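Everything on this sheet refers to the single structure shown next.
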Amino acid sequence: MITKILYSLNDNQNIKLDFEEVDINGADDIKSVLEDVSDGRLLIAEKVTPVRARLAREGEYIDTRPRVRVDGKVYTFMETKQRVEKCEEECDSMIVWDANDEQYLIDGEKFSKKYKKLQGNLYMPIRKPKKFVLLTKNICFRAAWGETMFAPKGCYLCVEYINSKDVYSKTNVAFESTYAIVKEEETLNNL
């Protein structure tokens with residue numbers, strides 16, 4: 001068990017949550033692991049909400065703190081914002097603002113494969129259905145890129161890339177403000 005502080009965005013009422021360590025990306029029987037930590041349904045969802053985006057500038061700070069709703073209040077996993085480093089003069093990295101104002105940095109080439117320009121700094125996601133499960137436990141796990149991800153109960157795991165051992169979490173705030181469920185299956189049989 002790992003205890004993590006979640007920081008309130010609206011007041012100074014921070015909370016502590018316990019997270020069960022789960023080996024999702026290294027499990028031999030990942031379906032059993034997912035059945036243990038989720039409600040057992042497979043959700044097919046598409047990112048449907050437009051985003052704002054622009055080129056990143058070296059040295060600027062962006063608010064990459066994931067927002068998560070616990071007991072009706074919104075928290076983040078960290079207190080500080082991320083500084084854009086390693087961005088040279090001809091940087092093609094994009095800063096993206098989701099509907100909930102959460103920001104993230106993405107490589108320009110990858111961005112152009114995921115979004116189409118609408119107008120100005122507004123972009124629409126290129127719709128591609130992905131598979132998700134809804135968590136019923138607070139868990140933490142190592143993502144494919146090495147980061148420890150914390151996912152409270154009520155958040156989602158993207159299991160689209162399960163065969164390449166690339167499961168990652170999407171907070172309930174981010175999922176519910178940017179994705180639409182297009183299909184729901186009662187079991188995890190179609191993973």
Side-chain angles (χ1 to χ4, degrees), residues 22 24-25 27 29-53 63-77 94-145 147 149-191:
V22 179
I24 288 180
N25 287 312
D29 184 6
I30 195 162
K31 185 177 166 190
S32 293
V33 174
L34 292 174
E35 286 171 341
D36 181 52
V37 300
S38 76
D39 66 0
R41 295 176 303 143
L42 187 62
L43 306 171
I44 312 300
E46 293 179 329
K47 193 169 187 177
V48 296
T49 306
V51 298
R52 292 177 293 126
D63 194 352
T64 59
R65 301 174 297 174
R67 278 101 167 127
V68 62
R69 191 175 38 265
V70 176
D71 297 329
K73 288 181 69 179
V74 178
Y75 298 90
T76 68
F77 291 104
M94 300 290 286
I95 296 175
V96 178
W97 286 262
D98 270 339
N100 63 359
D101 274 340
E102 186 175 318
Q103 301 171 12
Y104 57 94
L105 198 58
I106 183 172
D107 173 76
E109 185 177 333
K110 194 175 195 179
F111 178 84
S112 66
K113 292 177 182 174
K114 291 182 171 225
Y115 296 95
K116 287 196 183 244
K117 188 171 186 133
L118 291 176
Q119 62 183 16
N121 68 347
L122 200 59
Y123 296 82
M124 191 67 180
I126 297 169
R127 289 187 168 194
K128 180 182 184 277
K130 292 182 180 175
K131 298 174 183 176
F132 291 88
V133 296
L134 176 63
L135 293 173
T136 56
K137 295 181 176 180
N138 298 332
I139 66 165
C140 63
F141 63 96
R142 186 161 306 282
W145 56 90
E147 174 187 355
M149 299 198 86
F150 291 88
K153 173 173 71 171
C155 290
Y156 299 80
L157 292 182
C158 180
V159 294
E160 180 66 24
Y161 311 106
I162 201 168
N163 292 333
S164 59
K165 306 254 184 206
D166 188 6
V167 174
Y168 60 89
S169 69
K170 233 352 143 179
T171 68
N172 48 13
V173 172
F175 185 89
E176 293 162 8
S177 66
T178 59
Y179 284 83
I181 296 172
V182 295
K183 186 178 177 187
E184 191 174 312
E185 299 179 12
E186 293 300 317
T187 68
L188 299 177
N189 290 338
N190 291 326
L191 275 178

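Numbers here simply count residues along the sequence, with the first being 1. These numbers come from a predicted model, not from an experiment.
- Counting non-hydrogen atoms of neighbouring residues, nucleotides and ligands closer than 6.0 angstrom, the CG atom of D39 exceeds 12 such neighbours.
- In this structure, L43 CG and K183 NZ are separated by 12.0 Å, a value rounded to the nearest 0.5 Å.
- Using a 4.5 Å cut-off on side-chain heavy atoms (C-beta onward), L157 and F141 make contact.
- Two residues are said to be in side-chain contact when any heavy atoms from C-beta on lie closer than 4.5 Å; F132 and Y179 meet this criterion.
- Taken from OG in S112 to NZ in K117, the straight-line distance is 12.5 Å, to the nearest 0.5 Å.
- With a 6.0 Å radius and a threshold of 12 heavy atoms from other residues, nucleotides or ligands, E184 has its CD atom above the threshold.
- Counting only distance, with no hydrogens or angles, the side chain of Q103 and the backbone of V96 share no donor-acceptor pair below 3.5 Å.
- Under a 3.5 Å cut-off, the side chain of N138 and the backbone N or O of K153 do form a donor-acceptor pair.
- Side chain of T171 to main chain of R67: a donor-acceptor pair is present (N/O by atom type, distance under 3.5 Å, no hydrogens or angles).
- Atoms SG and NZ, from C158 and K130 in turn, are 5.5 Å apart once rounded to the nearest 0.5 Å.
- Annotation: side chain of E35 is not in contact with side chain of D29 (no heavy-atom distance under 4.5 Å).
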- Message: Is there a side chain to side chain contact (heavy atoms under 4.5 Å, CB included) between D98 and Y104? Walk through the geometry before answering.
- Response: CA-CA 8 Å; D98 270 339; Y104 57 94; 3.6 Å; yes
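- Note that OG of S38 is 7.0 Å distant from CG of L135, once rounded to the nearest 0.5 Å.
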- Assess whether side chain to side chain contact (heavy atoms under 4.5 Å, CB included) is satisfied between N189 and K31, documenting all intermediate values. CA-CA 8 Å; N189 290 338; K31 185 177 166 190; 2.9 Å; yes
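- Of the residues listed (R52, K116, M94), the one engaging Y123 in a side-chain contact (heavy atoms from CB on, under 4.5 Å) is M94, and it is the only one.
- Side-chain atoms of D36 and V22, non-hydrogen and from C-beta on, never get closer than 4.5 Å to each other.
- Annotation for G154 and N172: closest pair O-CB, 3.2 Å, computed over non-hydrogen atoms.
- To the nearest 0.5 Å, the span separating CZ on R41 from CG on L188 amounts to 10.0 Å.
- Between K170 and T178 there is no side-chain heavy-atom pair separated by less than 4.5 Å.
- E160 places a side-chain heavy atom less than 4.5 Å from the side chain of K128.
- Residues I44 and K131 have side chains in contact (heavy-atom distance under 4.5 Å, counting atoms from C-beta outward).
- The distance from the CG atom of D107 to the NZ atom of K113 is 9.0 Å, given to the nearest 0.5 Å.
- I30 is listed as a side-chain neighbour of I24, based on a closest heavy-atom distance under 4.5 Å.
- Residue-environment remark: NZ (K73) exceeds the threshold of 12 foreign heavy atoms within 6.0 Å.
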- Message: What verdict does the side chain to side chain contact (heavy atoms under 4.5 Å, CB included) test give for S177 and T49, after you've listed the backbone C-alpha separation in whole Å, the side-chain angles of each residue and the deciding distance to 0.1 Å?
- Response: CA-CA 7 Å; S177 66; T49 306; 6.0 Å; no
